[in-house]
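Some notes on the structure that comes next.
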2 protein chains.
Amino acid sequence: MATFPEVGNAGLVSNAIGAITAHIRMNELGPGDRLPSEAALSKELSVSRTVVREAFRSLAAMRLIDLSVGKRATVAQLDHGAMSLMIEHGIDTEQINVQQIYDVRRTIEVRTATLAALRRSNDEARAILEHAEAMRTNFDAPERVMESDLAFHLEIARASKNPIFAMIVGAFQGVSRQTWPIGWRSRSSDNERHAMNDLHVAIAEAIVAGDPQASSQLMAQHFDESVKALLAAGVA
Amino acid sequence: MATFPEVGNAGLVSNAIGAITAHIRMNELGPGDRLPSEAALSKELSVSRTVVREAFRSLAAMRLIDLSVGKRATVAQLDHGAMSLMIEHGIDTEQINVQQIYDVRRTIEVRTATLAALRRSNDEARAILEHAEAMRTNFDAPERVMESDLAFHLEIARASKNPIFAMIVGAFQGVSRQTWPIGWRSRSSDNERHAMNDLHVAIAEAIVAGDPQASSQLMAQHFDESVKALLAAGVA
DNA sequence: AGTTCAAAACCTGTATGACAGCTTTTATTG
DNA sequence: CAATAAAAGCTGTCATACAGGTTTTGAACT
């Protein structure tokens, strides 16, 4: 008899992955909930611990579960880690370019700006404004300006109250860290750099004021200027 | 002394993943190019084959590489498989809901419609129109209407010539297969269902005509109506 | 020299067993 | 009943083995 029908035919590991996600679904597990041990799953699925481990690793790579030594695996919170790696891989292998990323970001962030203006909590409004102001304050430390810039955009995405937007915006952070300095240097004068910071503050103020129109219009303007700067610097 | 500094401290598997992606980057590998064998990497990194395998599995889970028995691992093409699982996991664990997905899709697809009108090849234009017409033709077989609908949206994303859009739109297909029938049933009459199909044909014609304004406007209208139907059906 | 084809070498998928080190449960003791 | 120590459970990593694919090698033949 050897192999009886099995559930699918794409390898034992794929089956195990399916069984584990099914377990999560059927038991209605949520973030933090514990999964069965490797040994238990190994027994239940009649496969070696090796197979179960590889399935766990796969799920952990996609950030569907968290692993840590000694403890059992737990269901994970939505996270942009895996998507970040996918995007970076796309860049590394020249399947996507920086301009395409900016198009996606612009499309999404014009929307998050709108939503943030409508839905931001007071704490989020304050955080967004603080990040924008930090960009001004640390003008002479580009490293810090960049980090505040990234935090600013991510906080707006969070304030949109749609975790998918937050995940996508987060996923681009890694790549943005590489391209940001290019944009900064390519602005032709400190005046332009100050103008960029001012624009961030203006977006923050529109969101604080709860003005979706102004928020999205200013965000669009910000991206148009950034793309122009990047193109001027000759980024493909 | 035991463990000497190592490269990082997040476990041997993480190190191996880093080493492999670094290998891809430094050798400028592209889709289809072959990676070193497990044994070779195992030797080079001074870790067991087990560790290398788990690293490979992790990368395969994120679809950065392809594995197949007997052959060496190869660099993979950008693919929405991993992101699909992430989204489904988000739904299963109630971290995201259907309305949020529709908001993301609307945001992105209004843009892909615009770009498709500007950039579609003739083949793509024809394929998009065919999918829309197939929705009409197969009116009595909802299953087929759905598949044509999904293919229609994905083809538009591809025609935008931005693989990130295609990846995101593709990632939502799995979930859409679950919610689509709800939307179909929730339209109050066959008239409304025919209207939905007509709207798809109208979008296709706008793209064929190379009219970005009309394309995006009609796509926005399509999503607004779909969301309305879903809300009417009481989808959270 | 070039082609064909079979053997050899290589490679991945899976299983088993072992042990270190961390975490949770259990049992004991005060 | 609380504190604590022992036991049991769990994950991370390693080594080894073998079945069954795939690529390379080499020999035989044209």
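Chain A is the first sequence line, chain B the second, and so forth, proteins listed ahead of strands; every chain is numbered from 1.
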- Message: What's the closest nucleotide to the side chain of A/F56 if the choices are D/dT11, C/dG13, C/dT16?
- Response: D/dT11

- Query: Is it true that atom CZ of B/R177 has more than 12 heavy atoms of other residues, nucleotides or ligands lying nearer than 6.0 Å?
  - Reply: yes

- Regarding the side chain of A/L12, the nearest nucleotide among C/dT14, C/dT12, D/dA15 is C/dT14

- Query: CZ of A/R49 versus C1' of C/dT16: gap in Å, rounded?
  - Reply: 11 Å

- How long is the line joining CZ of A/R34 and P of D/dT11, in whole Å? 10 Å

- Item | B/G70 vs B/S46, nearer the 5' end of DNA chain D by closest nucleotide | B/S46

- Closest nucleotide among C/dC11, C/dT14, D/dC10 to the B/S37 side chain: C/dC11

- What integer distance in Å separates A/L67:CG from C/dT23:P? 14 Å

- Task: Identify which one of B/E109, B/R106, B/H153 satisfies the side-chain contact (heavy atoms from CB on, under 4.5 Å) criterion when paired with B/H222.
- Result: B/H153

- Message: Just checking B/K71: does its NZ atom have more than 12 heavy atoms from other residues, nucleotides or ligands closer to it than 6.0 angstrom?
- Response: no

- Sugar-phosphate, base or nothing in reach of B/R72, heavy atoms under 4.0 Å: sugar-phosphate

- Whole-Å distance, B/D66 CG to C/dC11 C1', equals 16 Å

- Query: Does NZ or CZ of B/R53 fall inside the cone over B/F56's six-membered ring, less than 6.0 Å from its centre and within 45° of the axis?
  - Reply: no

- Message: Can you confirm whether A/Q95 sits close enough to A/T93 that some side-chain heavy atom of one is under 4.5 Å from a side-chain heavy atom of the other?
- Response: yes

- Task: Go through C/dA15, C/dT12, D/dA15 for me and flag the one nearest to the B/R53 side chain.
- Result: C/dT12

- Message: How many whole angstroms separate atom CD of A/E54 from atom C1' of C/dA15?
- Response: 11 Å

- Query: Quick one: the side chain of B/R57 and the base of C/dG13, do they pair up donor-acceptor inside 3.5 Å?
  - Reply: no

- Select from A/V69 and A/T50 the residue whose nearest nucleotide in DNA chain D is closer to the 5' end of that strand. A/V69

- Query: How many Å lie between CG on B/L35 and P on C/dC10, as a whole number?
  - Reply: 20 Å

- Between C/dA15, D/dT22, C/dT23, spot the one nearest the side chain of A/K71, thanks. C/dT23

